[in-house]
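A, B, ... follow the sequence lines: proteins, then strands. Residue 1 opens every chain.
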There are 2 protein chains.
Amino acid sequence: MSSKFSNTPCELCASRKHSLFSELSAPSVCTISEFKNSISHKKGQILYYEGTRPLGVFCIKSGVVKVYKTASNGKSQIIHLAKAGDFLGYHALLSEENYSNTATIIEDATICFIPREAFLKTLFTETPFFKRVTKALSHEIGVMEEKLTDASQKSIRERLAFVLLQLSQTFGVEGDENRKIDLILSREEIASIVGTATESVIRLLSEFKKDGVIKLEGKKIIIMDPKGLARMSDFYA
Amino acid sequence: MSSKFSNTPCELCASRKHSLFSELSAPSVCTISEFKNSISHKKGQILYYEGTRPLGVFCIKSGVVKVYKTASNGKSQIIHLAKAGDFLGYHALLSEENYSNTATIIEDATICFIPREAFLKTLFTETPFFKRVTKALSHEIGVMEEKLTDASQKSIRERLAFVLLQLSQTFGVEGDENRKIDLILSREEIASIVGTATESVIRLLSEFKKDGVIKLEGKKIIIMDPKGLARMSDFYA
DNA sequence: TTGTTTGACTGACTTTTGTCAGTCTTTTTG
DNA sequence: CAAAAAGACTGACAAAAGTCAGTCAAACAA
């Protein structure tokens with residue numbers, strides 16, 4: 001399934017620009033580049049499983065990966081959608097625990113694997129990089145607090161509106177007077193992000209469509225009225 | 001309101017044993033100790049406010065602090081209850097952002113304040129300490145993922161049962177055949193942890209009491225049947 | 001001590017959300 | 001291409017949870 005690809009050196013990788021590696025020193029970039037392994041993945045493949053031991057970190061060059069946990073009721077909760085430039089699996093490596101979630105490709109991807117030792121060595125010898133990673137970790141905690149608060153306090157309707165806004169910010173492409181979410185997600189996957197039943201997502205989406213705040217173009221969602229969505233998501237007040 | 005106290009040196013502080021500082025080198029403990037400031041706080045006082053700039057970190061010597069966010073609907077969501085040995089406010093410091101939450105004393109506390117510079121200097125010069133902090137941050141992310149999944153997928157009943165179990169683990173004192181949660185929380189505060197309405201907490205608690213899994217002793221809750229609670233929280237299955 | 005405030009609690013009711021069963025449509029595959 | 005499978009969707013219904021209004025009890029203050 002996965003095929004090893006020509007290893008573009010990290011020095012030349014376009015997605016590095018906005019990643020944790022953006023300010024890494026030249027020699028370290030070379031070290032990482034030397035040990036890394038670029039692999040091509042198809043939709044549906046699993047990058048790693050919850051509960052297994054991390055052997056390194058992943059850096060996404062292209063494609064989209066969903067990171068999710070499986071709840072005790074069998075349903076899954078999507079924690080995060082990772083795209084080009086994002087790193088995966090460093091939490092588990094740094095906490096010295098097994099993976100706390102599962103990562104699955106949802107849009108064909110090219111992903112580099114950086115073995116544990118090379119990553120940690122660079123981390124501990126390059127303080128600016130270490131600081132950068134720590135900053136990212138701390139930031140993520142704030143993001144998770146926000147998600148937790150929303151999940152506990154907002155209605156499904158508000159949460160769906162908010163998720164659509166976020167998706168349009170992360171995966172949006174500009175049209176005239178609107179914004180298309182350039183990512184194919186099943187209704188079930190949207191439900192797994194929001195944390196609700198698939199049927200609820202379907203009903204709410206058609207409601208949003210009827211109200212003219214969104215439009216469907218094939219499998220993709222177009223945001224027609226971001227301000228309206230923001231109001232529905234209780235972004236103000 | 002707050003009164004400055006005799007500064008017990010960190011070297012002698014009992015709560016250091018289990019804190020992030022547990023493996024700090026002797027000279028660094030001295031540096032921290034020299035710059036820190038021990039302050040006594042009464043229930044209801046606010047340690048810091050969401051949205052303000054962090055000037056240092058807090059280390060709890062005794063007492064309990066609730067860390068919470070205020071949602072757009074005005075209700076608050078308790079993220080964490082911090083007790084002796086816990087650190088507060090380092091996320092914001094490390095992410096170089098304003099506080100993402102508010103911290104309020106809920107049980108009279110003595111808390112040391114370590115100024116930004118002293119903390120950061122120690123962090124960046126002592127790699128083992130830095131690693132320890134990073135490990136804690138990464139671990140917390142896993143915990144938050146778990147909380148998010150529970151909040152999105154479990155029923156209020158399951159979540160309340162789970163919260164009671166957690167509280168008994170963190171604040172529990174052993175009795176014969178039972179375990180008392182040695183912390184006074186209002187129903188409203190419990191609701192803010194679970195993320196529900198106060199009335200729902202009241203109703204469910206009396207239901208749990210009727211079923212014999214808990215008992216009330218004054219303002220405190222006693223867990224009579226932890227296994228039963230675990231089953232109710234859908235801990236297995 | 002008594003009036004006042006606050007928190008705990010209850011019941012009736014509404015709204016939200018989930019579940020189930022089934023149809024229709026699209027995609028996949030033999 | 002046809003059959004099968006998966007996904008999108010709908011309606012009816014049930015269950016969960018929130019809201020509102022009000023009582024009761026405890027803590028607090030004058």
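A 6.0 Å sphere centred on CD of B/E207 holds more than 12 heavy atoms belonging to other residues, nucleotides or ligands.
At D/dC9, none of the side-chain N or O atoms of A/S206 fall inside 4.0 Å of OP1 or OP2 (strictly under the cut-off). Taking side-chain N and O atoms only, B/S200 has a distance below 4.0 Å to OP1 or OP2 of D/dG18. Here B/R187 reaches the OP1 or OP2 of C/dC9: one of its side-chain N or O atoms lies under 4.0 Å away.
For A/E199 against D/dC9, a side-chain-to-base donor-acceptor contact under 3.5 Å is absent. With hydrogens and angles ignored, no donor-acceptor pair under 3.5 angstrom links the side chain of B/R203 to the base of D/dG18.
Spacing between atom CG of A/N73 and atom P of C/dT19 amounts to 8 Å, rounded to whole angstrom units. As a whole-Å value, the separation of B/K154 NZ from C/dG18 P is 16 Å. Straight-line distance from the CD1 atom of A/I184 to the P atom of C/dT26: 15 Å, rounded to whole Å. In this structure, CG of A/L216 is placed 14 Å from C1' of D/dG7, rounded to the nearest angstrom. In this structure, B/K43 places its NZ atom 12 Å from P of D/dA27, rounding to the nearest Å. Atom CZ in B/R157 sits about 18 Å away from atom P in C/dG18, given to the nearest Å. Rounded to a whole Å, the CD1 atom of B/I202 is 16 Å from the P atom of C/dT6. Distance B/E158 CD to C/dG18 P: 13 Å, rounded to the nearest Å.
Between the CG atom in A/N101 and the CD1 atom in A/I79 there is a gap of 6.5 Å [rounded to 0.5 Å].
Listed nucleotides: D/dG18, C/dC9, C/dG18. Nearest to the side chain of B/I156: D/dG18. Here the nucleotide nearest the side chain of A/S155, chosen from D/dA8, C/dT10, C/dT17, is C/dT17. For B/T196, whose side chain is taken as the heavy atoms from C-beta onward, the closest listed nucleotide among D/dC9, C/dA8, D/dA17 is D/dA17. Taking the side chain of A/K219 as heavy atoms from C-beta on, and the options C/dG18, D/dG7, D/dC9, the nearest nucleotide is D/dG7. Here D/dT19 is the nucleotide among D/dT19, C/dT19, C/dT10 with the atom lying nearest to any side-chain atom of B/K75. Here the nucleotide nearest the side chain of B/A197, chosen from D/dA17, D/dT19, C/dC9, is D/dT19. Each of C/dA8, D/dA8, C/dT17 was ranked by its minimum atom distance to the side chain of B/S186; first place goes to C/dA8.
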I'd like a table of donor-acceptor pairs (distance under 3.5 Å, sequence neighbours excluded) in which one partner is a side-chain atom from residues 208-222 of chain A, with atom names and distances.
residue	atom	partner	partner atom	Å
A/E217	OE2	A/K180	NZ	3.0
A/K220	NZ	A/D182	OD1	2.6

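The closest side-chain heavy-atom distance from A/I190 to A/L160 is below 4.5 Å. In this structure the side chain of B/L47 reaches within 4.5 angstrom of the side chain of B/I111, judged on heavy atoms. Counting heavy atoms from C-beta on, the side chains of B/D86 and B/L88 never come closer than 4.5 Å.
In this structure, A/S152 and A/K209 both approach DNA chain D, and ranking their closest nucleotides by distance from the 5' end singles out A/K209.
For the 3.5 Å distance criterion, the side chains of A/H80 and A/E140 fail to qualify, holding no donor opposite an acceptor.
For B/K147 (side chain) and A/M144 (main-chain N/O), no donor-acceptor pair under 3.5 Å exists by modelled atom type.
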- Starting at the 5' end of DNA chain C, what dot-bracket string do you get if Watson-Crick and G-U pairs under 3.5 Å are bracketed, crossing pairs use [ ], other-strand pairs use | and unpaired bases use dots? ||||||||||||||||||||||||||||||
